[in-house]
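Data first, discussion second: the structure below is written as structure tokens.
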Amino acid sequence: MERYTLPTLETERLILRQLTTADAEAIFKWTGDPRVNKYMIYPLYKTVEDGIPYLEGLYKTEKQIDYGFVLKETGELIGAGGMIYHEDKDAWSVGYNLAYDYWNKGYTPEAMTRIVEYARSKFDIPSIAGTFALENVGSRRVMEKLGMTFYEDTEYTKLDGSATFKAKTYRRVF
């Protein structure tokens, strides 16, 4: 299957670019960090190689938009995020990860605002949604900064079944 190519985007402090398998070591900074992984749907990565299947699975459909967040100042890959279209629900959702050392500095809402702008310029997106564990206050704040508000109470389980979280889904209608 041919891989889809995304344009590089920029914000004030970040370059947003496609991820490649060469990024496996960098993404391990957050996928292998229990503090970051605590509320993520994927299990904690134990090795750098655990990220290869994820990276190889990206960019197979135009409606799965994933970007790496690179600091302009240093060139360091510090996080990733994007949007995906769920055909069964006719809905778009957002998701993101950021290395722990970069939390609470506004990078995620900065990146995700630009990604949402890009996606809306390319597709007819009437709304976006995102789900976060109740205890994950940082993720809630990101969604609020994206203009999202409470939609419903829910829950989700990690892909490996190791934890289930009471959660909230936030939504923004454009």
Side-chain angles (χ1 to χ4, degrees), residues 1-21 23 26-27 30-31 36-37 39-42 45 51 53-72 77-99 102-103 105-133 136-152 154-159 165 167-174:
M1 172 181 275
E2 189 173 317
R3 291 169 63 92
Y4 180 71
T5 301
L6 291 172
T8 299
L9 305 175
E10 289 193 37
T11 69
E12 182 181 335
R13 301 178 293 167
L14 301 168
I15 295 170
L16 307 174
R17 64 158 174 83
Q18 281 192 204
L19 296 164
T20 71
T21 54
D23 293 317
I27 71 160
W30 61 87
T31 59
V36 177
N37 178 266
Y39 301 114
M40 295 295 108
I41 197 164
Y42 61 84
Y45 287 16
Y54 157 71
L55 292 165
E56 288 177 342
L58 296 175
Y59 314 114
K60 300 212 172 163
T61 175
E62 190 175 31
K63 291 185 176 181
Q64 180 181 348
I65 301 167
D66 287 285
Y67 277 98
F69 306 165
V70 178
L71 280 178
K72 283 183 177 178
L77 179 64
I78 63 166
M83 298 174 57
I84 189 166
Y85 178 70
H86 303 278
E87 194 169 331
D88 59 326
K89 300 175 187 174
D90 190 27
W92 286 84
S93 65
V94 298
Y96 36 82
N97 277 288
L98 195 69
Y102 298 95
W103 285 11
K105 295 178 167 67
Y107 292 118
T108 304
E110 180 178 329
M112 292 304 300
T113 296
R114 182 66 185 98
I115 291 167
V116 170
E117 287 170 358
Y118 163 73
R120 291 194 66 223
S121 75
K122 187 153 182 64
F123 301 106
D124 178 26
I125 299 177
S127 65
I128 56 173
T131 300
F132 61 91
N136 192 348
V137 176
S139 194
R140 185 197 78 221
R141 286 194 335 245
V142 168
M143 290 184 200
E144 289 170 347
K145 289 177 182 180
L146 292 174
M148 300 166 76
T149 57
F150 175 77
Y151 179 68
E152 67 181 350
T154 188
E155 67 179 29
Y156 66 93
T157 300
K158 282 187 170 273
L159 294 173
F165 302 101
K168 292 193 179 292
T169 295
Y170 273 32
R171 182 174 160 197
R172 178 178 176 186
V173 177
F174 295 104

Taking atom [atom1] of [X] and atom [atom2] of [Y], what is their separation to the nearest 0.5 Å?
X	Y	atom1	atom2	result
R171	T131	CZ	OG1	12.0 Å
W92	K63	CH2	NZ	6.0 Å
T149	E144	OG1	CD	9.0 Å
M143	M112	CE	CE	9.0 Å
T108	W103	OG1	CH2	9.5 Å
S139	Y96	OG	OH	3.0 Å

What closest approach, in Å, do A26 and L77 show between heavy atoms, and which atom pair accounts for it?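 Taking A26 first and L77 second, the nearest heavy atoms are CB-CD2, 3.7 Å.
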Partners of Y42 by ring pair (Phe, Tyr, Trp, His ring centres under 6.0 Å), sequence neighbours excluded?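 By the ring pair (Phe, Tyr, Trp, His ring centres under 6.0 Å) rule, Y42 matches Y45.
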Criterion salt bridge (Lys or Arg N to Asp or Glu O under 4.0 Å) on E10 and R114, from CA distance to verdict: CA-CA 8 Å; E10 289 193 37; R114 182 66 185 98; over 6 Å; no
Could you check L19 against Y59 for side chain to side chain contact (heavy atoms under 4.5 Å, CB included), going step by step and ending with a plain yes or no? CA-CA 9 Å; L19 296 164; Y59 314 114; 3.7 Å; yes
Residues T169 and T154: side-chain donor-acceptor under 3.5 angstrom: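 T154 and T169 do not have a side-chain donor-acceptor pair below 3.5 Å.
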For Y39 and F165, take the angle between the two ring planes, folded into 0 to 90°, and tell me which bin it lands in: parallel under 30, tilted 30 to 60, perpendicular over 60.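 Y39 and F165: perpendicular rings.
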Using the side chain to side chain contact (heavy atoms under 4.5 Å, CB included) rule, take I65 and F123 through it: C-alpha gap first, then chi angles, then the decisive distance, then the call. CA-CA 11 Å; I65 301 167; F123 301 106; 4.0 Å; yes
Just do the side chain to side chain contact (heavy atoms under 4.5 Å, CB included) check on L14 and K72 with the steps written out, would you? CA-CA 5 Å; L14 301 168; K72 283 183 177 178; 5.6 Å; no
After noting the C-alpha distance and the side-chain angles of V116 and I128, does the key distance pass the side chain to side chain contact (heavy atoms under 4.5 Å, CB included) rule? CA-CA 9 Å; V116 170; I128 56 173; 4.1 Å; yes
Does OH belonging to Y151 count more than 12 external heavy atoms closer than 6.0 Å?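 No.
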Are the charged groups of D23 and R17 less than 4.0 angstrom apart, N to O?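 Salt bridge present between D23 and R17.
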Basic-acidic side-chain contact under 4.0 Å: K168, E152: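 Between E152 and K168 there is no salt bridge, as every charged N stays at least 4.0 Å from the carboxylate O atoms.
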For the aromatic rings, using the six-membered ring if either is Trp, is the centroid distance between Y170 and F132 under 6.0 Å?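 Aromatic pair counts; centres sit under 6.0 Å.
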